[in-house]
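Quick note: numbers below take in every heavy atom, side chains included, and nothing from hydrogens, waters or symmetry partners. Within every chain, numbering begins at 1; the chains are lettered A, B, ... in the order of the sequence lines, protein sequences first and strands thereafter. Fair warning: this is a prediction, and the values are worked out from it, not measured in the lab.
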Amino acid sequence: SAIRPPKPTIPKTLLNPNDESQVRKVEGKEIKFNNLSKLYWPEDKVTKRDMFNYYYAVADFILPYLKDRPLSLNRFPGGIHGQSFYQKDVKGKAPDWAKTFPYSTSDGEPKEYLVGDDVATLLWMNTLGCIEINPWFSRVSSPDNPDYCVIDLDPDKHHFDKVIEAALVVKKVLDSIDVPSFPKTSGSTGIHIYIPMGGKYDYDQSQLFARIIVGIVNKIIPKFTSLERMISARGGKMYLDFLQNRPGATIAGPYSLRPKPGATVSMPLEWDEVKPGLKMKDFTIFNAIERLKVKGDIFRGVLGKGIDLETAILKAKELYP
DNA sequence: GCTGTCC
DNA sequence: GGACAGCAACGCCGT
DNA sequence: ACGGCG
Ligand SMILES: [Mn+2]
Ligand SMILES: [Mn+2]
């Protein structure tokens, strides 16, 4: 029979429930785990140890979405209510076995992103206080060509039910032009809708496509959605964020924990689950693993064959002149 | 959260 | 060992 | 040149 990738499995927990500091070899790579009883989500009594055990358990499911992607680190060393900060440059700081991706900022300083690879890299990133995972939309082998386009629904003050309503309009528009789409909760307030691009186009083209789609959606539901970047110009409406499709920009990836009360997870959904009654807190560190056991990874189409942009844009122009 | 420095 | 200080994004675009 | 934005 054909060789196929091994089915994802869920291992036993990595860390014992007692010791505050533990050292483990993960696939031959040594990682130190400290302050394991620190309450990262105090309201939910979820500790840093729980976070490591979660990511270790779901690693098989998450890693395809991290492998070969530069990672923006969003660090919460003091837990979800502590001071947080971003970090991109890990030059000279990552373990020697970790992969990195060189880049330079406008001032010309040579720097290096951490690059997603294996479970050791994932857990080392977690030791820095990275609760959530923010991977690029493209991989180092082709950094200018995203694997997917994202439509990011940012509700501001709107109820989650309105996000669901907007998501279903996005779905209807994409269906009408025969473009596949994959929704997930953000774990914070919104919904992310991914469209597979297959690395065939660049970020400008991907963003232009997202702009076309949200333009159509906004024409259908102008009363509560906006395309304005400036918050003050949105008039309290939900932001249909297409600008996130640009080099170096990120959103929390699938199965990522979020630094929010409830210890929510950015959870991939079936479209038939996107309906009134769906709640952000339906998916948390407490039930995500059980759901993965039952449903498996329902998001992999995102990394599959990309759409044909010319055909899709033509159909859109035809149907929505 | 980690590293290096200083006592 | 313990107490510290220092350090940890980025580019676009409107004004 | 600065600040808002994600
Ligand atoms: Mn968002
Ligand atoms: Mn956004």
Discussion item. Taking dA8(C) as the reference, what is the distance to dG4(D) when you measure between their P atoms (whole Å, please)?
Written reply: 23 Å

Worksheet item: Separation of K93(A) atom NZ from dT3(B) atom P, in whole Å?
Response: 10 Å

Worksheet item: Atom CG of D154(A) and atom P of dG4(D): how far apart are they, to the nearest Å?
Response: 18 Å

Response to the item:
M238(A) CE to dG6(D) P, in whole Å, measures 14 Å

Discussion item. Measuring only the C1' atom in each nucleotide, how far is dC5(D) from dA9(C)? A whole number of Å is fine.
Written reply: 13 Å

Practice prompt. Indicate, with yes or no, if the rings of F101(A) and W136(A) have centres closer together than 6.0 Å.
Written response: yes

Fill in: Summary of protein contacts for nucleotides 10-15 of chain C, nucleotide by nucleotide, where a base hit scores B, a sugar-phosphate-only hit scores S (4.0 Å, heavy atoms)
SS-B--

Fill in: Ionic contact status for K162(A) with E165(A), cut-off 4.0 Å
yes

Worksheet item: What is the distance, rounded to the nearest whole Å, between atom CG of D156(A) and atom C1' of dC5(D)?
Response: 13 Å

Fill in: Non-hydrogen side-chain atoms of K281(A) and T264(A) separated by less than 4.5 Å
yes

Worksheet item: Just checking, is any N or O donor in the side chain of S266(A) or R258(A) under 3.5 Å from an acceptor N or O on the other one?
Response: no

Discussion item. Using a 4.0 Å cut-off on heavy atoms, which residues in residues 28-45 of chain A reach DNA chain B? List them by number, or say none.
Written reply: N34(A), N35(A), K38(A), Y40(A)

Worksheet item: Can you tell me how far P of dC2(B) sits from CD of Q87(A), to the nearest Å?
Response: 12 Å

Item to complete: Have a look at F33(A) and tell me which of Y56(A), F52(A), W124(A), Y55(A) forms a ring pair (Phe, Tyr, Trp, His ring centres under 6.0 Å) with it.
Response: F52(A)

Practice prompt. Could you tell me whether T127(A) contacts a base, only the sugar-phosphate backbone, or nothing, with contacts defined as non-hydrogen atoms closer than 4.0 Å?
Written response: sugar-phosphate

Worksheet item: Are the ring of F85(A) and the base ring of dA8(C) both nearer than 5.5 Å at their centres and tilted by less than 30°?
Response: no

Worksheet item: Taking CD from Q207(A) and P from dG6(D), how many angstroms apart are they, rounded to a whole number?
Response: 14 Å

Item to complete: Can you tell me which residue pairs pass the side chain to side chain donor-acceptor pair (under 3.5 Å) test with a partner in residues 214-225 of chain A, sequence neighbours excluded?
Response: N218(A)-T225(A)

Worksheet item: Under 6.0 Å between the ring centres of Y103(A) and Y113(A)?
Response: yes

Discussion item. Need one value for L73(A): base, sugar-phosphate or nothing, where a base atom within 4.0 Å counts as base even if backbone is also close, heavy atoms only.
Written reply: nothing

Worksheet entry | Crowding at CD, Q83(A) (>12 non-hydrogen neighbours, <6.0 Å) | no

Item to complete: Rounded off to whole Å, could you give me the CD-to-P distance for the Q83(A) and dC7(C) pair?
Response: 16 Å

Fill in: Between dA9(C) (P) and E109(A) (CD): distance, integer Å
12 Å

Worksheet item: Is NZ or CZ of R234(A) both nearer than 6.0 Å to the six-membered ring centre of Y239(A) and within 45° of the ring axis?
Response: yes

